[in-house]
Amino acid sequence: MTPATAAVLALDGIGVEWPGSAPGAPGYVAVEDVSLSVGRGEFLSVVGPTGCGKSTLLNVAAGLLAPSSGAVLVAGERLSGLNRRAGYLFQADALMPWRNARENVEAGLIFAGVEPEQAHRRADEWLRRVGLSGFGDRYPHQLSGGMRKRVALAQVLILEPEILLMDEPFAALDVQTRQLMENELLELWSAERRSVVFITHDLEEAISLSDRIVLLSAAPRTRPIGEFPIDLPRPRDVAEIRLTPRFLELHGRIWAALRAEVLKAYAVSQRLG
Amino acid sequence: MRSASASDKTAVRRGRRTPLFVWRVLLLVGAFAAWYALTSLGVLPAFFFGRPLVVLGRVWDWFSSGKIYPHLAVTLVETVLAFAIGTLLGVAAGLWLGLSPTASALLDPYIKAANAMPRVILAPIFAVWFGLGIASKVALGITLVFFIVFFNVFQGVREVSPVVLASVRMLGATRRQLLRHVYLPSATSWVFSSLHISVGMAFVGAVVGEYLGSAAGVGYLILQAEGTFDIDSVFAGILVLTAFALLLDFAVTRAERHLLTWHPRAAADER
Ligand SMILES: Nc1ncnc2c1ncn2[C@@H]1O[C@H](COP(=O)(O)OP(=O)(O)OP(=O)(O)O)[C@@H](O)[C@H]1O
Ligand SMILES: [Mg+2]
């Protein structure tokens, strides 16, 4: 199974350059010549130091940002415009504050022209699946951070996207809620095996969730610097698996590779600051 | 335990609030007393400053005889029409220009100019165009309300959260659906933040319009009284207008709470 044939989503030589502050000033090359691919049903994590361009890459994959060079391939076809096969769970809160939880979850169905009554029913079903039955009438500001993330997850999953793009979705949560959500995610994912691109800077999270991890170098001119298959058995419990010897061994290996990049990123930010 | 501390708190709050309320009433009574004393002792000429008791009597007369109601009704209708039409136009223009950079760049200097112009000066022109009836007052009110709403909606459209926008686009919204489900609700919250000012402006437009030439309305009453040097009626008219404005403001506050349940700030005020 070569990635080229099985890839649902592939980035091919992606480069992104932000324009310089003044006209004529040199631009800022955030990422350079990045190629990665996700197989069908694969859970891929992308790990890199802060500011290295992870969100930028995901925006490119979603079709929200046109790359300066390279191409995005979705099921082998070159992407132009938005990536209609992908669902995107954003790093920041992205719920519509003027719609309650149910209306937020059903939004995608309504946009697609599904009957309001049926959309309603399916939204309630999804709220139940993410553990929020009974909270449908609450507005986002009346929900906790963890609840909002669950609503956002239901909002994306209800459309049954082939590809799930997730940008540090659990970064703002406390450790307990976070592990709960990670387990929920794994359960939902294993039921329907979507392809996932999961972005994080938390290596432990990446190892406990993924099939494969791609490491990105520090900014600028970010590119992949390593790829690690994670051969931990499934189904996994994210809290328990962290205690297994194999996990610790993988963690040690990947961390050694990542450490250098984190230090580099830190040095750059020191110099700039 | 908890209920005890909660009732303590309300007791404290009530304890604080009652004196404040009393002080406010005393202040009002004091002002009236000072007014009464100064005019009846002849320090201020009653011919120019009115006599408070006569003023209050006049207000009482108006309401007991029912003479004021048709005038209040006219002023209310003008205010409501100016507010509704001005808001509608403001929202439409704000959405259009907010979403079309070309149009907004083209029209920018003219909008600034129109906004900077003291628009009360248009009243005589509107009187010529639309006559002395309701229409000319509504037109004046619209020019005042329009710009407030317009600028707020324009701002609201520009400041829609880019993440919410990207997210809704990823959920498959078409351009029209974006307008309906993102831009419009977001703009509405901005319209509401300026609701008090725009209702006030509609009222100003109605009264000033009446004052500058009309056949009915509270502004007309004041104009008429001024014509006969009946300063007591002028003050009575001002009192009625003030009370009316307060009532309008109260109604707006109620409407706001009802319509903005999703808004964290509005919801917090309710508590
Ligand atoms: N709109 C923009 N204009 C100019 N530069 C940008 C823009 N967006 C991002 N950048 C720059 O691109 C680089 C990568 O940003 P990005 O948000 O992709 O980082 P990230 O890896 O997601 O970081 P984090 O882990 O903190 O979320 C950063 O140096 C940032 O300053
Ligand atoms: Mg990011």
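Chain identifiers are assigned alphabetically (A, B, ...) following the order of the sequence lines, protein sequences preceding nucleic acid strands; residue numbering begins at 1 within each chain.
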- Query: Taking it one step at a time, do A/Gln155 and B/Ser167 satisfy side-chain contact (heavy atoms from CB on, under 4.5 Å)?
  - Reply: CA-CA 10 Å; A/Gln155 184 185 49; B/Ser167 153; 4.2 Å; yes
- Message: I need the minimum non-hydrogen distance between B/Val163 and A/Asp93, along with the two atoms involved.
- Response: CG1-O, 3.8 Å
- Message: So which residue, B/Leu165, B/Leu171, B/Thr188, B/Val168, ends up with the most heavy-atom pairs under 4.5 Å with chain A?
- Response: B/Leu171
- Item | Contact class of A/Leu95 relative to chain B, heavy atoms under 4.5 angstrom | backbone
- Let me know if B/Ser186 has heavy atoms under 4.5 Å from chain A in its side chain, its backbone, both or neither. both
- Item | Other residues, nucleotides, ligands: >12 heavy atoms within 6.0 Å of A/Glu187 CD | no
- Task: For atom CD1 of B/Ile197, decide whether the heavy atoms of other residues, nucleotides or ligands shown that lie under 6.0 angstrom number more than 12.
- Result: no
- Answer yes or no: are there more than 12 heavy-atom neighbours, outside A/Glu192 itself, under 6.0 Å from its atom CD? yes
- Message: Restricting to non-hydrogen atoms, name the atom on B/Met170 and the atom on A/Leu82 that form the minimum distance, rounded to 0.1 Å.
- Response: SD-CD2, 4.1 Å
- Message: Please classify the contact between A/Asn100 and chain B as side chain, backbone, both or neither, with a heavy-atom cut-off of under 4.5 Å.
- Response: neither
- Message: Between A/Phe111 and chain B, with a heavy-atom cut-off of 4.5 Å, which part of the residue counts as in contact: side chain, backbone, both or neither?
- Response: both
- Message: Please classify the contact between A/Glu103 and chain B as side chain, backbone, both or neither, with a heavy-atom cut-off of under 4.5 Å.
- Response: neither
- Message: Check whether A/Trp98 reaches the backbone of B/Val182 with its side chain - one donor and one acceptor, N or O, closer than 3.5 Å.
- Response: no
- Considering non-hydrogen atoms only, spot the tightest contact between B/Arg169 and A/Arg84 and give its length. O-NH1, 3.6 Å
- Query: Does CG in B/Leu246 sit with more than 12 non-hydrogen atoms of other residues, nucleotides or ligands closer than 6.0 Å?
  - Reply: yes
- Query: In this structure, are over 12 heavy atoms from other groups packed under 6.0 Å from B/Tyr211 atom OH?
  - Reply: no
- Atom group of B/Arg180 that falls short of 4.5 Å from chain A, counting heavy atoms: backbone
